[in-house]
There are 2 protein chains.
Amino acid sequence: MLTDLNINDEQELTARQQAVLDAVLGLLVEEGDALTMTAVARRASCSKETLYKWFGDRDGLLTATVQWQASKVRAGNYDLQHLDAAALRDSLEGFGANWLQVISSSTSVALNRVAVSHAGSGKSSLGQIVLANGRFAIGERLKPLLEAGRAAGLLAFEDTEAAFRTFFGLVGRDVQIRLLLGDALTLGAAEIARDAARATQQFLSLFGTETSRPKARFV
Amino acid sequence: MLTDLNINDEQELTARQQAVLDAVLGLLVEEGDALTMTAVARRASCSKETLYKWFGDRDGLLTATVQWQASKVRAGNYDLQHLDAAALRDSLEGFGANWLQVISSSTSVALNRVAVSHAGSGKSSLGQIVLANGRFAIGERLKPLLEAGRAAGLLAFEDTEAAFRTFFGLVGRDVQIRLLLGDALTLGAAEIARDAARATQQFLSLFGTETSRPKARFV
DNA sequence: TGAGAGCCGTACCGTACGTTACGGTTCGGC
DNA sequence: GCCGAACCGTAACGTACGGTACGGCTCTCA
């Protein structure tokens, strides 16, 4: 299923095409799936004929937009050597904060909404693409860190996937569903940092070893 | 905001009207937001004129459907007296299992998808209604249990809301977003029970006191 | 039994939007 | 300067669907 849903097929887009997709992103944030091809053409100052020539149809345009946004989000990796308790904690906090920042951005909310809608009508694979570039992509990025932590004797778990999913739950909690459903939840930088620290602390309480487990409880 | 978004305004629906709304639920599961008024009328063996007379417009029909479904989900409450460690654990597991069952049902997935779509276009308050009857309703139902557990010396936390959100995250993890995005994730009864037990165990590890905290770690 | 209300089935209307077609403009190559 | 390609702006087409109107059927109640 999720084999090669274009996590990485660098489609070469001209600057002009990227500008068009950025216009789509903007409209998506403002109007959601209700955006019309006419509106896109107007916003991007291009003709509808060009849109169809470049992207095939409305669905192709949205797909290209999702992949374009995904290609912008790729984050850097971490140093898996020299892992001690402090470095592990910092990396986990970094992951958590980055993830919270992504899912709480208006762009992510808008794209996820569109993908969810389309997953309902089965009229495209936007949902799969978003999953592959979101939930599963960070899973693949985080798991090496977890396993390095285990190898260093800092974490104890059997199932890497299960451990990751727990971390995912501790970080995200109800944030994404609330935002998707339109709750007026705003996450500032300070709040994100605090949440990521809390989630990390909880995760280490659950999966840490003597050397990495927090001494104090977090109230 | 969320003050009185009809968590409970028992709209008296005739049996016929309920049958119509059940038809809408079925169509929603099958076709998502793409359902047409004509399709509803055909499925429910009623005329479009009747649909409009009863529910006003398409939006009113969907709103009534969401509220009708919500009214079916209300679960029973728990015994907050005589709370010991075992009873607390059982209640938490029951909550978790019930919640997992709800969010993994095709009906819930379909309704949440529709609500998410509409939240994007801002064309109705379906999102708020789903939030009020979903995430926030279970919050209000679970918090008394958490506070009773604290009063009985079985739990230790300061912020009830924060404790609830952690439980929410531990139970749901990535399930809801994956289902909404169309991942082929199926939760059987056994899996739900196991997940609820794991989440409860983890929650008690984090917030339990000497008398309720699990002795063993969960691998 | 007959009048009226409620509802079914269907035809109809208006509109919005995806898609296509086309005339006009710019620009690089010869 | 001329040609063709690419692209812009806009008009036009076809369709799908929300919403309305209407004729006919059934059931209730006086």
Side-chain angles (χ1 to χ4, degrees), chain A residues 11-66 68 110 113-115 117-118 120-126, chain B residues 11-66 68 110 113-115 117-118 120-126:
Chain A
Q11 42 212 323
E12 297 130 20
L13 293 171
T14 69
R16 182 77 180 96
Q17 287 171 329
Q18 294 177 4
V20 169
L21 296 186
D22 279 330
V24 176
L25 279 177
L27 277 172
L28 231 32
V29 169
E30 293 169 23
E31 310 189 14
D33 204 3
L35 65 72
T36 68
M37 298 298 279
T38 303
V40 171
R42 190 162 41 227
R43 171 78 65 105
S45 292
C46 72
S47 73
K48 290 208 273 181
E49 186 180 29
T50 302
L51 291 182
Y52 284 97
K53 173 181 292 185
W54 284 349
F55 304 105
D57 56 8
R58 186 177 191 275
D59 218 62
L61 178 64
L62 292 179
T63 301
T65 303
V66 168
W68 163 239
R113 279 186 180 143
V114 175
S117 314
H118 285 228
S121 316
K123 62 186 170 188
S124 75
S125 53
L126 278 188
Chain B
Q11 41 213 325
E12 297 130 19
L13 293 172
T14 68
R16 183 79 180 95
Q17 288 171 328
Q18 293 176 4
V20 169
L21 296 185
D22 280 330
V24 176
L25 280 176
L27 277 171
L28 231 32
V29 169
E30 293 168 23
E31 310 188 13
D33 204 4
L35 66 71
T36 67
M37 299 298 279
T38 303
V40 170
R42 190 160 41 228
R43 171 76 66 103
S45 293
C46 71
S47 72
K48 289 209 281 180
E49 186 181 30
T50 302
L51 291 181
Y52 284 98
K53 173 180 292 186
W54 284 349
F55 304 106
D57 56 8
R58 186 177 190 277
D59 217 62
L61 178 65
L62 292 178
T63 302
T65 302
V66 169
W68 163 236
R113 279 184 180 144
V114 174
S117 314
H118 285 228
S121 316
K123 63 185 168 188
S124 74
S125 52
L126 277 187

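So you know, we letter chains A, B, ... as the sequences are listed, proteins then strands, and number each from 1.
Ion pairing between E30(A) and R43(A) holds under the 4.0 Å rule for side-chain N and carboxylate O. Look at R58(B) and D33(B) and you find a salt bridge, because one of the NZ, NE, NH1 or NH2 atoms lies within 4.0 Å of a carboxylate O, short of that distance.
Contact check, T50(A) against dC8(D): a side-chain N or O comes under 4.0 Å of OP1 or OP2.
The line from CD of Q17(A) to CZ of F55(A) is 5.0 Å long, rounded to the nearest 0.5 Å.
Between D33(B) and A44(A), the residue anchored nearer the 5' end of DNA chain D, judged by the nucleotide with its closest heavy atom, is A44(A). When the nearest nucleotides of DNA chain D are assigned to D59(B) and W54(A) by heavy-atom distance, the more 5′-ward of the two goes with W54(A). Each of S47(A) and S45(B) was assigned the nucleotide of DNA chain C with the nearest heavy atom; the assignment lying further toward the 5' end belongs to S45(B). Both T36(A) and K53(B) sit near DNA chain C, but only K53(B) has its closest nucleotide nearer the 5' end.
Within 4.0 Å (heavy atoms only), L35(A) reaches sugar-phosphate atoms of the nucleic acid but no base atom.
Atom pair M37(B):CE and dC17(D):P shows a separation of 13 Å (rounding to whole Å applied). Summarising the geometry, the separation between CZ on R58(A) and P on dT20(C) is reported as 15 Å, rounded to the nearest angstrom. The distance from atom CD of E31(B) to atom P of dA16(D) is 14 Å, rounded to the nearest whole Å. Atom-to-atom, CG of L51(A) to P of dG9(D) comes out at 11 Å; the value is rounded to the nearest Å. Distance F55(A) CZ to dC7(D) C1': 14 Å, rounded to the nearest Å. At whole-Å resolution of the value, CZ in R42(A) and P in dC7(D) are 21 Å apart. What separates CZ of R43(A) from C1' of dG9(D) is a distance of 18 Å, to the nearest Å.
Under the 4.5 Å side-chain criterion, counting only non-hydrogen atoms from C-beta, T36(B) is not in contact with E31(B).
Picking from dG18(C), dG19(D), dC8(D) the nucleotide with the shortest atom distance to the side chain of E49(A) gives dC8(D). The side chain of R16(A) approaches dC8(D) more closely than any other nucleotide in the set dC22(D), dC8(D), dG19(D). Side-chain proximity of K48(A) to the nucleotides dG9(C), dG19(D), dT19(C) is greatest for dT19(C).
L51(B) approaches A41(B) most closely through the heavy-atom pair CD1-N, 3.9 Å.
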